[in-house]
Amino acid sequence: MHKLHCKLQSLIKEKGWDDLTTVQKETFTPIIEGKNVLVVAPTGYGKTEAALLPIFNIMLRNETKPVAVLYITPLKALINDITLRIEWWTSKLGFSVSRKHGEVPQKEKSLRLKKVPHILVTTPEGLEIDLDWASKFRENYRNIKWIIIDEVHELVNSKRGAQLSVLLERLKDFTNYDFQRIGLSATIGNEQKVANLIFGSSNRESKIVKVEGARDFEVKILKVKQKEGEDLWGSTAKLVNQLVERPTLLFTNSRFSTERLYEELERSKLKNIFIHHSSISKEEKIRVENNLREGKADVVICTRTLELGIHIGDIKKVIMYRPPPTVSSFLQRLGRSGHTINRVSKGEIVCLYDYDILEAISLYELAKAGIVEPPKSMPYMDVVAREIIGITLQYGEIDVEKLYNLITKSSYYKGLKFDKFLSLVEYMIQNGLLKKENDKVKIGKTFFKIWRFDKDNKITWMKDFSEFFSFISTDETFNLRYENKTIGEIDAVYVYKHLRNNDIIRISGKLWRIVNIDINKMQINVAPATSGNGEIPIWKGENISKSSLITKQIEKVLHIIDDYLYGEDSLIDEESKNALNKLVEFYRIHQLPLPNTRTIYIENENDEIVYATLINEKIANTLSHALLYLATKKYSLNVSARSSIYGFSIKGVDKDLLQDLINLDEKQLKSLLIKSVKRSPLFFATLKEIQYSFGKINKVSSEDKIILEEALKQTVNKYFSIKGTMKYVKMIKEGKIRIININGLSPLGKAVLSHSPIKPWISDLSIRIYQALKGGAYTVEELSDMLGISKKTLELRLKKMRKPSSKYRTCNFIDVDTHETRWALLEDLKEIAESDDYYNSFNPINLDESYVMVMRAYQSEGATESVFRVKDLVKNPEEFLKRIPYDEILELKLKDPNDSLVASISPKYYFVKKSIARFLVLNAISYIQNLKFG
């Protein structure tokens, strides 16, 4: 190893370190030699110092102008923590460090401009702002010699990773210097791919420094024992109470679980309990972190906000409430305990269900074997569009070829063809985001229409200027409102997938009925509900797909299940063993193979067909959406589906629709899968998210091919698998995956049914009206409240839907009791007319009267009058129908030659189908007689 500067040797002694760690020793030489280095080691191994010590060593021996080091981290919360850690060294070595993020006080910002720091700690967004906009401070970057990228695993799979990759190439071009790149990461799959993504076009030699073997960890898997009549949350809190060793981090997979567990634990003997998740204020987060550092917190219930490397003191134990969705997340959470080298990480996974136990064992085995999810990068085109604007802002005007060369130096965009890039630029010019002058592009007017400085004068679709620089998902949420008060918020994706008008949900311990969902205002209006099983919303934490590694590992675990049930290993407790034993017994008693990836069990439960199997979650999601698409197209809109790693299901159809998918040829199947994805609300949410990056302000139409293709690509990448599903269906066709029909419900089938149902999202107004009207009769005012649509718009559409050309035909009648006009579906009118609810509206008082029925034909000049007695209409409806010469009547009304009043008070009915004419005539008579006889 190269000679360590005496000042550094002195500070290492002051730190109380006996020696450098293995990772610090192995990293020192390659950094000193000027190589790009990717450092891979578990949490708590001193990776930050591993990168900085050799850099300090060089800085102490050579004159270094600021800014010399750019330290990039994915979280604002990490910036404060890292800055403090670096400041300990810089203050004693004669260097300076500063931080840059949106919450830094103005005084500190001014100081950074006056006295430029040697080391600047920021996020990808901070670098974007400086390169695009901060022309004065940008000049200081010309001195950059080193870039350190912390928590690389958190960035590479995302748009922020692609953004940072382009930013580094822009910075290299701006400085005209091939600076050294150093990546720091916890355990990741495929280190070489990650290295390639962050090193980009650098010509330096590179090295991957990896600390072999995960740090020792002890894990215990426990199942909640629920006594009869005891609430599951209460039982969970009781178990957690027994497990806590001060201080403990209790990780959950959602904000809801965090809040709910806090509520239960607060009632127990536990003291000093805190909460930490993305929806609490920054001040509260800092307070919680400080309490942890100072040893004042016994338990902190948190989501993945405390997964990353914020220094929060000595954590004795980590408890995970239900298994996390990935191996990476499992290791990150576990690594928070025993956060120093040679310390054993201690953790427990609290399981509610038998399948939780299988997932927990699988995560443990995968982590023990060092198998982690590989990185999955994607060439996001909205990032390209945004970077084109950023570069144009930086230079004022720029040649298109120069733009192309800069962006394609990024490893994410090496494969981007020039003609595709040119089409994108031309599309952005067409939308006014760019303009072209003398073969160079400049910023167009649309840019300042979308991203506005003026916060008080913005239309709803306009964005705050600061949002331009960021690809951080803003966690779109719907506000729940009751009587103009906000009572909570729910993730948009959850609303799109699971909630509809009239659903009952539970928030803050109370039941609420959804009155209407207003997509434009991102608002759900609710009213108190007195009964019903309220669905508890799930926030964003639980929208993360479960790793496909877990599914494959569960199959392996089940293959050797007896080792866990009867072996001496203390990994799982007795309650877990009993639960798994029951699961296995079901299959052995019924002489069925244990759940695996090559067997699908078709089961039935309450009008729901369940396809139980071990399956990649994205494939299950694609299949469930395809079944939903088939069901809504062929049978009914009142259907729902479910998907999970344990299979998928369809409810509301008594036909095996999976067989319909299997019968399609490859081309038909692919087309149907794409159509079902495009019907998904997840596709519309992605469209909405990306369209402004391309300068599209108005509604996206079929002409906006670039946006539509990109939205489809991103939606599939995040939630679905078209290729995987096609391969899966082919394997069923070829008999490589066999289907077994069974009676009743298997443990795997129960696991499928434990997941929330996905309902068809209908953007077509006619279909939404159809859904709202189904089985009932409503006034325009009632429908307006239910659907969140103006009365005028609604009435126009209802009238249009009466016509024979409408797929979902409506009709209207007079409610004789209230004298209101009610609307119903033509297909429901007979049932409504014969129901007790509207008895007075279709049952005349006097059967001895006679009337003249006046009819005008639809699409012809014909008109007919027919005299009839009310008694004949009621007693012999078939004979009455023979008096009607038209299948479709344009206008229908009544008159009486002896009473001119009848013609003036008779309701008029338009676009009347012959089959429902008698009910409307009965309604007219009932109304007229009610007015006459009171």
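Position 1 is the first residue of the sequence; numbering continues from there.
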Parallel, tilted or perpendicular for Tyr808 and Tyr770, by the 30°/60° rule? tilted

Of all residues at least two apart in sequence or in a different chain, which pass the side chain to side chain donor-acceptor pair (under 3.5 Å) check with Ser841? none

What pairs with Lys799 under side chain to side chain donor-acceptor pair (under 3.5 Å), at least two apart in sequence or on another chain? none

Over 60° means perpendicular and under 30° means parallel, so classify the ring planes of His625 and Phe720, tilted if in between. perpendicular

Atom CG of Asn930 and atom CD1 of Ile814: how far apart are they, to the nearest 0.5 Å? 11.0 Å

Taking Asp815 first and then Arg822, would you say they form a salt bridge - that is, a charged N and a carboxylate O separated by under 4.0 Å? yes

Suppose we screen for salt bridge (Lys or Arg N to Asp or Glu O under 4.0 Å). Which residues come up paired with Glu709, at least two apart in sequence or across chains? none

I'd like to know if Lys791 and Glu795 make a salt bridge, using a cut-off of under 4.0 Å between side-chain N and carboxylate O. no

Drop me the distance from Thr725's OG1 to Lys670's NZ, to the nearest 0.5 angstrom. 12.5 Å

Contacts of Ser806 that satisfy side-chain contact (heavy atoms from CB on, under 4.5 Å) - sequence neighbours left out: Met801, Arg809

side-chain contact (heavy atoms from CB on, under 4.5 Å) with Thr446: which residues, sequence neighbours excluded? Leu433, Ile450, Ile697

One thing to verify: whether Lys932 and Glu849 come together as a salt bridge, which I'm taking to mean a side-chain N less than 4.0 angstrom from a carboxylate O. yes

SB check Lys774 Asp828 (cutoff 4.0 Å): yes

Give me each pair satisfying salt bridge (Lys or Arg N to Asp or Glu O under 4.0 Å) with a member in residues 837-847, each pair once, sequence neighbours excluded. none

Is atom CZ of Phe448 surrounded by more than 12 heavy atoms (other residues, nucleotides or ligands) closer than 6.0 Å? yes

Glu605: which residues meet the salt bridge (Lys or Arg N to Asp or Glu O under 4.0 Å) condition with it, sequence neighbours left out? none

Only counting residues at least two apart or in another chain, list the ones meeting side-chain contact (heavy atoms from CB on, under 4.5 Å) with Asn876. Glu878, Glu879

With sequence neighbours excluded, what pairs up with Lys445 under the salt bridge (Lys or Arg N to Asp or Glu O under 4.0 Å) test? none

For the NZ atom on Lys655, are there more than 12 heavy atoms of other groups (residues, nucleotides or ligands in this structure) within a distance under 6.0 Å? yes

So, taking the atom named OG in Ser850 and the one named CG in Asp899, what distance separates them when rounded to the nearest 0.5 Å? 12.5 Å

State which residues pass side-chain contact (heavy atoms from CB on, under 4.5 Å) with Leu669; sequence neighbours excluded, sorted by chain then number. Leu661, Leu664, Leu673, Met726, Val729

Enter the distance from Asn812:CG to Glu820:CD here, rounded to the nearest 0.5 Å. 13.0 Å

Of all pairs that satisfy ring-ring contact (aromatic ring centres under 6.0 Å, His included), the ones with a partner from residues 910-930, not counting sequence neighbours: His819-Tyr927, Tyr858-Phe911

Can you sort out the partners of Lys914 under salt bridge (Lys or Arg N to Asp or Glu O under 4.0 Å), two or more places apart, ordered by chain and number? none

Any ion pair linking Asp704 and Lys696 (charged N to carboxylate O, less than 4.0 Å)? yes

